Asker: 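My questions will all concern the structure given below.
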Amino acid sequence: MAATVIDGKAFAAKVRGQVAEHVARLKAEHGITPGLAVVLVGEDPASQVYVRNKGKQTVEVGMNSIEHKLEATTSQDDLLALIAKLNADPSVHGILCQLPVPDHIDGDTIINAIDPAKDVDGFHISNVGLLGTGQDAMVPCTPLGCLMMLRDHHGSLSGMNAVVIGRSNIVGKPMANLLLGDSCTVTIAHSRTADLPAVVRGADIVVAAVGRPQMVPGDWIKPGATVIDVGINRIDKPEGGTRLVGDVDYDSCAEVAGAITPVPGGVGPMTIACLLANTVTACCRANGLDAPQGLTA
Ligand code: NAD
């Protein structure tokens with residue numbers, strides 16, 4: 001039987017709708033407009049596209065979008081000074097510095113200079129610690145989006161075997177912590193994992209975050225399992241041109257899985273939706289209000 005396709009595009013639109021409702025309520029009842037500041041250093045074309053999309057969607061849900069586009073030659077000290085200014089600005093509730101930053105700037109130093117309460121990417125070491133100890137944290141957007149889709153599809157995840165392929169700080173590790181928080185039995189697999197196919201075959205939930213096109217074939221998937229494909233890879237088409245594929249081989253996995261996210265249109269759209277959700281959460285917390293239900297981990 002063919003897998004249920006988890007429609008990330010539609011789900012992201014729903015999340016953005018919920019965010020917009022909360023923003024409208026914050027404005028009407030408290031006179032507060034959430035503000036998201038995005039800092040881009042240099043002219044990386046992919047980063048420019050991301051930043052443009054973020055800005056557009058921020059405005060669409062009724063929030064203020066503040067963009068700082070800095071020259072590639074900007075010094076680390078100047079960038080730190082801007083972060084300090086944004087930290088101190090009460091109209092800014094979320095701060096995101098688009099990664100990667102140029103080589104002469106240390107990304108970790110910049111991330112850890114952001115006020116953790118405004119760290120809507122969830123990369124600050126304090127947020128990593130809060131998530132790891134099961135406390136209220138700003139949660140990285142891509143894993144948060146995966147968790148939301150899994151909860152929506154399954155209801156409870158308690159007791160399920162989850163395998164996360166990839167151990168990066170931005171996807172794999174926080175994803176594993178979130179699944180643990182929802183009482184899954186979690187395995188983190190990586191490039192040195194012995195017999196990866198056997199590990200994946202034991203999973204009720206597979207989250208693939210590797211960056212290798214179509215690496216996971218259908219015969220690694222337990223029948224009925226849920227497959228969340230985080231990968232975004234561009235490959236050549238036989239007839240010329242390119243197309244986007246994930247880290248799983250969609251056609252063979254969809255024949256075996258119970259549910260699967262497509263690429264494009266799965267995890268990707270959820271990432272910006274969760275960034276907006278995190279900004280509303282940060283704004284509520286900064287003003288002593290409860291974070292919106294359903295938009296946090
Ligand atoms: P990364 O390169 O930081 O980490 C990749 C991980 O995969 C590493 O931990 C590595 O151990 C593991 N790995 C590499 N080869 C492997 C192998 N043969 N077997 C098992 N594990 C292996 O990548 P990342 O930043 O976590 O991103 C992973 C993928 O997700 C990329 O395709 C990226 O473009 C995509 N991504 C998508 C979104 C989104 O919004 N949808 C967001 C972030 C990343």
Side-chain angles (χ1 to χ4, degrees), residues 5-13 15-16 38 44-47 49-54 57 96-101 107-108 111 120-123 128 131 138-150 162-179 186-203 206-217 219-221 227-235 242-250 253 260-278:
V5 179
I6 299 178
D7 185 345
K9 207 172 157 193
F11 199 96
V15 170
R16 287 197 304 274
V38 176
D44 177 65
S47 294
V49 173
Y50 280 132
V51 168
R52 202 165 41 241
N53 285 340
K54 282 169 188 167
Q57 294 188 28
L96 178 152
C97 183
Q98 183 68 42
L99 299 175
V101 284
D108 285 341
I111 288 164
V120 282
D121 253 344
F123 297 158
V128 176
L131 176 60
M138 297 307 304
V139 175
C141 304
T142 300
L144 179 58
C146 296
L147 183 75
M148 283 184 185
M149 291 194 287
L150 283 166
V163 171
V164 179
I165 317 176
R167 57 177 160 181
S168 73
N169 290 338
I170 64 166
V171 188
K173 285 180 198 156
M175 186 74 245
N177 265 325
L178 288 170
L179 291 165
V186 183
T187 304
I188 306 180
H190 47 77
S191 52
R192 305 291 175 90
T193 295
D195 201 354
L196 183 60
V199 172
V200 175
R201 279 186 197 115
V206 180
V207 180
V210 185
R212 286 178 177 254
Q214 301 168 312
M215 189 191 89
V216 178
D219 66 0
W220 290 13
I221 303 298
V227 177
I228 304 289
D229 191 352
V230 181
I232 303 177
N233 311 287
R234 192 165 283 284
I235 61 166
T242 60
R243 68 183 179 108
L244 289 183
V245 297
D247 289 342
V248 310
D249 178 47
Y250 184 84
C253 287
I260 188 166
T261 58
V263 176
V267 174
M270 287 298 289
T271 297
I272 297 183
C274 288
L275 173 70
L276 304 176
N278 276 351

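In each ligand, atom 1 is the first atom listed, and ligand 1 is the first ligand listed. This is a predicted model, so every value here is computed, not measured. What's counted below: heavy atoms across the whole structure, side chains too, no hydrogens, waters or symmetry copies. If you read the sequence from its start, that first residue is 1, and numbering goes on from there.
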Asker: Just one of Val128, Asn169, Val101, Leu99 clears the side-chain contact (heavy atoms from CB on, under 4.5 Å) bar with Ile111, so which one?
Answerer: Leu99

Asker: Looking only at atom types and distance, does a side-chain atom of Thr271 sit under 3.5 Å from a main-chain N or O of Cys141, one as donor and one as acceptor?
Answerer: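 Checking the backbone N and O of Cys141 against the side chain of Thr271, no donor-acceptor pair under 3.5 Å is found.
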
Asker: Quick check on Arg212: does its CZ atom have over 12 non-hydrogen neighbours (other residues, nucleotides or ligands) under 6.0 Å away?
Answerer: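 At most 12 heavy atoms, drawn from other residues, nucleotides or ligands, come within 6.0 Å of this atom.
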
Asker: Taking the side chain as every heavy atom from C-beta outward, state whether Leu196 and Ile165 have any atom pair closer than 4.5 Å.
Answerer: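 The answer is yes; the side chains approach within 4.5 Å.
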
Asker: Take atom CZ in Arg234; do more than 12 heavy atoms of anything else shown fall under 6.0 Å from it?
Answerer: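 Atom CZ in Arg234 is packed in, count exceeds 12.
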
Asker: Could you tell me if the side chain of Trp220 sits less than 4.5 Å from the side chain of Val227, heavy atoms only?
Answerer: no

Asker: I'd like the atom pairs linking ligand 1 to the protein - N or O on both sides, separation under 3.5 Å - with distances to 0.1 Å.
Answerer:
from     : atom 1 : to     : atom 2 : distance (Å)
ligand 1 : 9 (O)  : Arg167 : N      : 2.8
ligand 1 : 11 (O) : Ser191 : N      : 3.3
ligand 1 : 11 (O) : Ser191 : OG     : 3.4
ligand 1 : 15 (N) : Arg212 : NE     : 3.0
ligand 1 : 21 (N) : Ser191 : N      : 3.2
ligand 1 : 26 (O) : Ser168 : OG     : 2.6
ligand 1 : 32 (O) : Ile232 : N      : 3.1
ligand 1 : 40 (O) : Thr271 : OG1    : 2.7

